[in-house]
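Notes follow once the structure below has been shown.
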Amino acid sequence: MCGIVGYIGKRQAAPILLEGLHRLEYRGYDSAGIAIGGKGKLRVAKRKGRVRELDTLQPQKFKGTFGIAHTRWATHGEPSDRNAHPHCDGSGRYAVVHNGIVENAAALRAQLTDRGCIFTSDTDTEVFAHLIALMDDGSPLESVVGAALGRIVGAYGLAVVDAERPDTLVVARNGSPLVLGIGDGEMFFASDPAALVRHTTSVVHLDDGEIAAVRADGYETRTLDGATTVKTPSTIPWKDEAFEKGEYTHYMRKEIAEQPDAVRRTLGGRLDTRFQTTHLGGLQLGARDLLDVRRVKILGCGAAYLAGAVGAHLIETLARIPAHAEPASEFRYRNAVVERDTLYIAVSQSGETFDTLAAVQEIKRKGGRILGIVNVVGSTIARECGQGIYLHAGPEVAVVSTKTFTCSAVAMALLAIHLGRLRDLSVASGARLVRALQVLPDHIAAILAREPEIAQLAEAFAGAEHAFYVGRAAGHAIAAEGALKLKEVSYLHAEAYPASELKHGPLALISLQTPSVVVLPRDDLFAKNISTVEEIKARGGPVIAITHPGEAPTTFDRSFEIPALEPELDPLLLNIPLQLLAYHVALQRGTNIDQPRNLAKSVTVE
Ligand code: G6P
């Protein structure tokens, strides 16, 4: 999604901003641009395509100690040089970069055109540059921007630079994240802390409805109404090296490999071997509050939603509380019933996904109790929920989630054990699960060590354009995640089905060219799943089984066996080979694995 980065200080701004843009590339974008201020002028360069294509315009040579830059993900207007940000007013004095959508852009554009403004792009953002130019009455820039924002309806994270006010940049936030980075005699800002960590880990998160005047020696924040706000800086817990690819050719592969350590961090200090339960310090709900919970509703998007689906099974199984996961984007629009005895859980790696945030806000507005399962500390969803479980998985750079899917499911397991042990889950069962979680990272490592075998499984997809992923109960959530990974990174059409549903339609599509990946734990549903395998084989479909060792009444075309751990937690392990499978199919097909076409890491617009 769109990214913003800004700098003001004593150093040359252009190299800092261009490096920041490279740091934002992982989020997904279609064009990039930069505006540098110096000697009363702005120099602007922008280009469709990658940041390295912007580099060919040589913006690194622009002299000046303050500026703003942007990676754009098209919403209004096609990806093109003219629609890339920054956007300027007619005189070129003011430049704006913007994430989000100006909903009343068409009406404003008509009014501004009547007043003589000439538009040079199809974007909604450009109206803002013209508005500032018209409304500048010589007040401080933050006041002018505040007044202009009063005319805007919509969501934004934006930054403004004025060639003639070299000591101040202005940023504002309403629905799209913005973080200030505090340096020594210099200030930074970005829509994503990833662009800042190289320079500072001391940050201030803006809240919705806040504007900040950013100067080399500090910042001031205020609300849109002009009331001063007081912010407390926090520290980003990630080091710059965590964002490096290191020895790996792809971030996705690196992040898959990081899972044992990431899971250890999610578990860190949370397993309680005295009472055979889990300790969740980020929950503000005590035992009595949690005993009142009659239902659990889990919300998220993409892989986060599917981690929620795994979590719903865990909670229902271990705590015997009806639990259900739903895409946050559906929930927020369907005027859902919010009940006081339901526990709502928002799952999000970034903590910035717009639909998930909107669902959280809707639940809070209706008086529901919500907690967040979030990776990025201090992110909007984490702050909005005010309580929850941080994953501590480290930064995830590949657009597709791998380690944070696993860590979110592990966090769900921690919560499910916690809720279960407050109810009917016995000490013995608690002990069994706590023990299993302790060794989970080693089991993941053992699967990862067998990567060459999984790479061979990928050959089953040679010549295929479609695949089915099949599973039952929690296995279905894992199948759905496996299919999501495959379609995202390999561009193969993959569909996940509950095993029982195959005969109600999809069997018509089974053929020699349509492999089916069957998630086949050796649990009490094993025999049922074998019947499904038979149905597929009888129609000539190749079957790839991800399963546990043991005699099977039928043979598979290919299989990958992992030792069983505990039935409730086995789905988490069965997912690991599916991640590697998607990766190797993509590798064979030569796709852009870390930045799949049309996808963004963090979808911060509707
Ligand atoms: C985007 C990404 C997915 C991710 C989803 C939710 O669609 O491409 O990989 O699962 O957003 O992101 P979140 O940050 O909320 O977990």
Given 3.5 Å as the limit, does a donor-acceptor pair link the side chain of [X] with the main chain of [Y], or not?
X: E220; Y: T228; answer: no
X: S191; Y: G3; answer: no
X: K364; Y: E384; answer: yes
X: D30; Y: E78; answer: no
X: D594; Y: M252; answer: yes
X: T201; Y: V197; answer: no
X: R383; Y: G378; answer: yes
X: N83; Y: D122; answer: yes
X: D208; Y: G175; answer: yes
X: H205; Y: S379; answer: no

[X]-[Y] side chain donor-acceptor pair, cut-off 3.5 Å:
X: T168; Y: R215; answer: yes
X: T380; Y: R173; answer: yes
X: T56; Y: R47; answer: yes
X: E25; Y: H22; answer: yes
X: D192; Y: Y26; answer: yes
X: T123; Y: S121; answer: yes
X: Q349; Y: S401; answer: no
X: S602; Y: E352; answer: no

*Apply side chain to side chain contact (heavy atoms under 4.5 Å, CB included) to the pair F189 and V204, showing each step before the final yes or no.*
CA-CA 9 Å; F189 54 79; V204 167; over 6 Å; no
*Step by step, work out the salt bridge (charged side-chain N to carboxylate O under 4.0 Å, His left out) result for D55 and R50.*
CA-CA 9 Å; D55 285 341; R50 316 297 297 169; over 6 Å; no
Taking [atom1] in [X] as the centre, count heavy atoms belonging to other residues, nucleotides or ligands within less than 6.0 Å. Is the count above 12?
X: K366; atom1: NZ; result: yes
X: K245; atom1: NZ; result: yes
X: R198; atom1: CZ; result: no
X: D184; atom1: CG; result: no
X: R288; atom1: CZ; result: no
X: R52; atom1: CZ; result: no
X: K41; atom1: NZ; result: no

[Y] and [X], any side-chain heavy atoms less than 4.5 Å apart:
X: L112; Y: D114; value: no
X: D355; Y: V603; value: no
X: K403; Y: L391; value: no
X: Q12; Y: I36; value: no
X: L134; Y: Q111; value: no
X: T221; Y: D207; value: no
X: D162; Y: R93; value: yes

*Specify whether H87 and H85 have parallel, tilted or perpendicular ring planes, treating 30° as the upper limit for parallel and 60° as the lower limit for perpendicular.*
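Aromatic pair H87/H85 classed perpendicular.
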Identify the two heavy atoms, one from [X] and one from [Y], that lie closest to each other, and give their separation to 0.1 Å.
X: K48; Y: E53; value: O-OE1, 3.4 Å
X: L206; Y: A212; value: CD2-CB, 4.1 Å
X: L180; Y: L196; value: C-CD1, 4.3 Å
X: A172; Y: L149; value: CB-CD1, 3.5 Å
X: A398; Y: Y251; value: N-CB, 3.8 Å
X: G351; Y: S348; value: N-OG, 2.9 Å

*Are the aromatic ring centres of H130 and F119 under 6.0 angstrom apart?*
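When the ring centroids of H130 and F119 are compared, they turn out to be within the sub-6.0 Å range.
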Within this structure, what is the [atom1]-[atom2] distance for the pair [X] and [Y], rounded to the nearest 0.5 Å?
X: F66; Y: D167; atom1: CZ; atom2: CG; answer: 8.5 Å
X: I4; Y: H98; atom1: CD1; atom2: NE2; answer: 8.0 Å
X: L280; Y: L285; atom1: CG; atom2: CG; answer: 11.0 Å
X: L599; Y: W73; atom1: CG; atom2: CH2; answer: 6.0 Å
X: E186; Y: D217; atom1: CD; atom2: CG; answer: 12.0 Å
X: H250; Y: Q595; atom1: NE2; atom2: CD; answer: 10.0 Å

*Begin from the C-alpha positions of D81 and K46 and carry the test salt bridge (charged side-chain N to carboxylate O under 4.0 Å, His left out) through to its verdict.*
CA-CA 6 Å; D81 291 353; K46 45 195 200 166; over 6 Å; no
_Applying the side-chain contact (heavy atoms from CB on, under 4.5 Å) criterion to I381, which one of I370, L357, I373 satisfies it?_
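Exactly one option meets the side-chain contact (heavy atoms from CB on, under 4.5 Å) with I381, and it is L357.
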*ring pair (Phe, Tyr, Trp, His ring centres under 6.0 Å) contacts in which one or both residues fall within residues 168-188, not counting sequence neighbours*: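 Of all non-adjacent pairs touching residues 168-188, those that pass ring pair (Phe, Tyr, Trp, His ring centres under 6.0 Å) are Y7-F188, F188-H199.
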*Begin with the C-alpha distance, continue with both residues' side-chain angles, and end with the deciding distance and a verdict on side chain to side chain contact (heavy atoms under 4.5 Å, CB included) for M187 and I182.*
CA-CA 5 Å; M187 286 287 297; I182 304 167; 4.2 Å; yes
*Taking it one step at a time, do Y156 and T125 satisfy side chain to side chain contact (heavy atoms under 4.5 Å, CB included)?*
CA-CA 10 Å; Y156 50 79; T125 303; over 6 Å; no
*Could you please spell out the steps behind the side chain to side chain contact (heavy atoms under 4.5 Å, CB included) verdict for C385 and V360?*
CA-CA 7 Å; C385 290; V360 170; 4.0 Å; yes
Cationic N near anionic O, under 4.0 Å, [X] to [Y]:
X: R165; Y: D136; result: yes
X: R23; Y: E244; result: yes
X: E339; Y: K297; result: no

